[in-house]
Every structure is written in structure tokens, then in C-alpha cells.
Amino acid sequence: MVSSPLPPATGSTAYRVAPPTLEAPRGHAGTAEGAAPLRVLLQVSSPWRATLASALLDHGLQPVLPAEEGHAPADVVVREFSSRPGPRHTLRMPPTTSRPLIAWLDLRPGDDTAALRHRALDAGAVSLVQASPQPDELVRVAAHLGRLRPGLAGDTDPTLPALHAPLARVLKQASAQGQLGAVLLLGLQRFDEVVLTLGSRLRDPLQQAIEHRLQVALVAVEARHAGRLRAQLTRHADGLAVIVSPLLRSADAQALACELLQRLDDPVDLGDHRLVVGGHAGVAVFPHDGHQPEVLVRHATLALHAARRQGRSGCIVYGPTLGRGAMRRLQLEGALRRALAQSAFTLQFQPQADLHTGALTGAEALLRWHDRDLGRVEPSEFIAAAEDTGLITRIGTWVLQHTCQQIRLWREQGLDVPRIAVNVSRLELVQPGFVATVLQTLVDHGLPGGTLTLELTEPALMHDTERLGERLQALRAAGVRIAVDDFGSGYSSLAGLSRLPLDELKIDRVFLATLEGNGAKVAAAVIGLGHSLGLRVLAEGVEREDQLDFLRRHGCDEFQGHLLSHPLDAVTMGQVLRQARIQHRMVMDLSLPTAHHEPPRHAGMTPFPSLPTLPLVDA
């Protein structure tokens, strides 16, 4: 676990590694019984060489000079950085090296300390130690760095000190001096995705580039505070952590977290790849949010999870409401598992209609849940909890099976059932047996594929598009339609979308909330884009007549929303299907060449104005 405290302006140590306990007898520290000693390559000038070599030998570490490195590469590299002219500070480690670099800062009176630190960090140093005739700090740093394994490691790794240890030291000092501080947890949003997509060979250089970037950012923060601020960067199970103190205000911790997140949003260049990882942050402030390391880490973790749910570059500071929210999520998880076991969910169906003829074109199946203890739980809440816990895949299977079962029941009643749309999460889509599950469910209920539409969100479509395209093509070959839900609210690549086998775009309701400004422009652009790709376009969340008129003028194909109908239970939806068949014949008759007919206006809460008003189920 690499720790990098920000140095005070007059202190003796800059970035350093959280030292292991060196209590073994002289000559044995840093060396496991029977193991070869850690080799430390000394790229330093002759005045320092003997001093460092002697200190390393005293603690059981093996000093190595550049000419002696040979075929036994060193575990750690110590390189001298000085403001004096010479090649020492211009050397640069290969970007893929697995040997951590310690910068030995040989400072003289009048040196530009900040510039020298930046120069060392730019050369790839993960720790900076100021030159001293008693190099105990460097020995501890080298002994610890030699034990580090490549890759992000959690604080449960037995070879690494826990985050709790350095946090406990900072807390003790802050408590004694009445100081304010914070622990910041930084989650790396797309780190694993990048590694899985481009290969594990990029894991180490990407990790090093991210840590290096954050170290440079923290140096700049320390400089702005004239050495009054110390920040310690370390690895943590959820990504990275920063311990910072003293703070003048609690708000300073959030400001620092947001600044670091901006650095994570900047592209990282690794060879031929230009990568953006991004992240989210959770912050806990001491002593307000706790006095013990385990309490602060738990509270910061709760904040981190809340920030992850918030989305890209989210930053959350812990508060009592987060604790109550965590308890609520625990209750939700238990209740969700019980609901799955007891099949306690219900389905409602929201009709969809042709925007120009008023004919029923389909419906969207919507999951509803009323728990015996929690009461009615909104989909926005329990779907998020299901995704966090991984239960969404089982819930998605339940929805698919019960939707197909209901379609079969309607067909057995002699009703003409149009296509019914089912929402699919990204976690479902990446399951190896997803396509087989969908097709087998259709077969089990004797349904043609054309009765089913799968609605996928933009983020779900942007992962491994080549493999995804193969899965979607297999579904379409069976007649299943594919729709992109809430289009315009995500960060999809148009090039990626154009390569996927799609049938429909659904305009996100937020763009129709106001028909003035950019929302209307985006809605019109989505309609044009969908048609240029040969797709039908459906607008959801239509609640007003002016929205309907706008969509009709811009050529939108279909719509759904409260202006047409609230979501209906299965019985009421059956009545709509029965009456829609009659209306369909009426529309066809009115559309004959000899007839002139203005498209019906969908007013009020009646699903189809030409038919008697139906009882509606509130959304």
C-alpha cells in the first residue's frame, strides 16, 4: 500500500511510504527467513553512496550499484535528484517497470524545492525522501516498497499495512492538537473495464499513471497551502484513499475530492491508447464523523457507494442521512430476496400508440412492488438496490417469464396482442446464457419473437459492442425487437450504435419537459437521427397536448405517457386490447382514400378517445 504524505515546506520528508515496523535484529529486517534480501539499486552520487549502502546493509537489504545490476534486477531503485547540473535528474524509468522508484532529494540552500519535487514525480517516482546523513526513512521506505505487488491491492492484503494504521496515526495527532481532517476514498470508475477490454498488460502502467497523477496534484495542493496541509495517498480496497489534515473547514475536504476527480477525468496516454478512467469519491470528516479509523472508513465507504450510485464524477460527504439510507438499503435487500422467493411482484402495462393514427402499437411492462413491511416501494429505489446487490438478474428473469405468461393468457382469450416491451439491465445482458433464456422463455409459452421488445439503456449498449451485436442479432433473427431506452441521457457513441442491430429509439422524457430551449432541440435531433438510421422513434412521458403536437410536427412515430394512459393492471389492459381491435378497424376504415380524417386527439386520461372511458390504475 503506497502512502504519499504531502511534505511541510520545512520538513525533512516529502512523499514517503507508510513504513513497516522494523523491529527485527540488525541484519535481518526486510528479509524473510531463508529468502534473498531485497536488492536496492543506488543511482546516487559518490558522497551519498557509502552512507546509503551502509544503512541498507545494517537492515538486511542488499545495496546494488548500476554497474553490478547484471542479470539480477533490483527490487527498488533509489535515484538522486539535485538542482546541480548533471544527468541524474533527467533519467526516466521505463513506463512498464515493476520496480518502484524512490527519489533521493539532495537539496541545497536556495533550491527551488517545489520544482525539484515535480521533476522527480515526472520521472516516475512513487516516493520522495530528502537526503540526510541518517537515512532511516529511506531504509523503511525501501523495505516496504520491496514487498509491494503490482496491481491495485486492497487493505486486506496480508503483505500490506491497512489503511487503518496510517489513519490511526493521523487521528492521534489531530486529536492532540484539536485539528480537523478527513479521509477521502476514490473509486476508479472504469479501471477494471479498461483492463478487461485492452488486456491485463495495461493494469500496472495504468495504475502507476493514475497514482502518479494524483501525487502531482497533491503536491500542488500542498504548495497552495504553504506547507500547512499534509495529505497521504494510499491504496484501498475500493481504489485509492487520501488522508488529509489539518483542514480549516469541512468543505475543504470535498473541494479536494472534487479536484482529484477532475484529474481522474483527464485522459491517460499509454502507448497507442488514450484512456479516461474517471471516478467517484466518498468523504468522512474527523472528528465530526468519527474518532476511530474503522468508523471513519465505514462512513467514507457509505459515502463512496452513494457517490457511485449518483454517477460519473460524483462526490458525497458522509452525513447522518447516509447512515439511515444504508439501513434502508439493508432492509430493501432482505425484502427483495423475500419478494423473489414469494413471487410478490406485480406487473402493470402502459399502452403505446401510433402518433398519427392513434392505433395501439404495444405496451411497456412495468414492475411494481408493495412489501408487507415497507409498503409501496418506488421502482427507482428498488431497481437501484437490485442492481447494487446483483439481484437484478433474477428479477429480470421473473419479469420476462411473467410477461410472456400474461401474453399467452391474453392470446388464449382470443386477443390480438401487440408487442410488449420488457426492460433489460446491463447485468442481465452480459450473462452468458441471456439469449438462450429469452428464446427458451418464448418457446415455453408458445410465443413468436415478434410479441416481445427488449428495451436496453445506452450505457448497457456501450460495453463490448462486438459481442453485444452478436447477441442482439441472434435475438432479432427470432423476431425479437430491440429498443434503446431513454435515448439522449447517456454517453453513447453514435458510431457504436450504428453497428448494432436496433429497431427503435425511445426519447428520454426529460427532453419533453419543456419545449423551449435545448430539450426540444435534442428531441427533434433524436427523431431525425433515428429515422436516418432506419429506426422507429417513440417518445415516452407524454403528458400534454403541446408535447403531442410537437412530436407530430417533427415526425415522431409513437408515444406513451399519461396523456394516453396511466399504467394498467393486466385485467384492464386486456379490456384495452379488446377495444383496441375495434378501434383499429375504425382507423383502417377512416384511412381509405375516399375518407378525410384528422388524426385523433388524445385528451384526458382515456387510453383511446373513440372508445368508452376505461378505469385507470394510477402510476
Side-chain angles (χ1 to χ4, degrees), residues 347 349-355 357 359-367 393 396-426 428-458 460-461 465-487 496-506 530-531 533-538 540 557-560 570 573-574 576-578 580-581 584 588:
L347 290 176
F349 302 86
Q350 186 166 40
Q352 301 166 338
D354 187 288
L355 199 140
T357 66
L360 182 69
T361 57
E364 180 180 0
L366 302 172
L367 187 64
T393 57
T397 300
W398 188 96
V399 172
L400 177 65
Q401 291 177 344
H402 284 75
T403 297
C404 289
Q405 179 181 350
Q406 185 58 61
I407 295 173
R408 187 194 68 206
L409 292 174
W410 283 328
R411 288 165 64 93
E412 290 174 352
Q413 297 170 14
L415 301 177
D416 295 327
V417 184
R419 60 182 183 269
I420 304 296
V422 172
N423 291 279
V424 176
S425 74
R426 184 181 69 85
E428 293 176 78
L429 197 58
V430 299
Q431 295 298 313
F434 174 73
V435 172
T437 298
V438 173
L439 298 182
Q440 188 60 49
T441 303
L442 289 168
V443 171
D444 291 344
H445 292 86
L447 301 178
T451 59
L452 193 64
T453 296
L454 300 183
E455 293 189 0
L456 316 173
T457 61
E458 286 184 74
L461 294 172
T465 54
E466 182 176 352
R467 183 177 301 178
L468 175 62
E470 295 174 355
R471 294 183 177 184
L472 297 184
Q473 191 58 56
L475 291 167
R476 288 187 80 220
V480 178
R481 291 173 57 86
I482 308 297
V484 184
D485 196 14
D486 298 333
F487 186 77
L497 282 180
S498 66
R499 292 193 294 267
L500 293 174
L502 305 174
D503 298 285
E504 182 180 291
L505 295 183
K506 294 188 72 173
H531 289 162
L533 294 176
L535 310 177
R536 289 183 66 83
V537 181
L538 185 149
E540 57 183 352
D557 301 300
E558 303 173 35
F559 77 110
Q560 73 180 77
M573 186 66 202
V576 170
L577 292 174
R578 189 170 290 108
R581 181 173 53 183
H584 178 68
M588 293 302 292

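The first residue in the sequence is number 1, and the count goes up from there.
Shortest non-hydrogen contact noted between G449 and L442 is CA-CD1, 3.9 Å. Residues L505 and G530 approach most closely at CD1-CA, 3.6 Å, considering heavy atoms.
Scanning for salt bridge (Lys or Arg N to Asp or Glu O under 4.0 Å) contacts around D557 gives an empty result, with sequence neighbours left out. Every side-chain contact (heavy atoms from CB on, under 4.5 Å) that A570 has, sequence neighbours left out, goes to F349, Q406, W410. Partners of S425 by side-chain hydrogen bond (donor to acceptor under 3.5 Å, both in side chains), not counting sequence neighbours, listed by chain and number: E428. The salt bridge (Lys or Arg N to Asp or Glu O under 4.0 Å) search around E558 returns R419, R536, not counting sequence neighbours. Scored by the side-chain hydrogen bond (donor to acceptor under 3.5 Å, both in side chains) test, Q440 finds D444 as partners (sequence neighbours excluded). The side-chain hydrogen bond (donor to acceptor under 3.5 Å, both in side chains) search around E364 returns N423, K506, Q560, not counting sequence neighbours. In this structure, the side-chain contact (heavy atoms from CB on, under 4.5 Å) partners of T437, at least two apart in sequence or on a different chain, are L400, T441. In this structure R411 satisfies the salt bridge (Lys or Arg N to Asp or Glu O under 4.0 Å) test with no other residue, sequence neighbours excluded. Residues passing the ring-ring contact (aromatic ring centres under 6.0 Å, His included) test with H402, sequence neighbours excluded: W398.
Note on residues 468-479: pairs passing side-chain hydrogen bond (donor to acceptor under 3.5 Å, both in side chains), not counting sequence neighbours, are R476-D503.
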Stepwise side-chain contact (heavy atoms from CB on, under 4.5 Å) check, F487 with L535: CA-CA 13 Å; F487 186 77; L535 310 177; over 6 Å; no

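Proximity of a side-chain donor or acceptor of T453 to a complementary backbone N or O of R481 within less than 3.5 Å is not detected.
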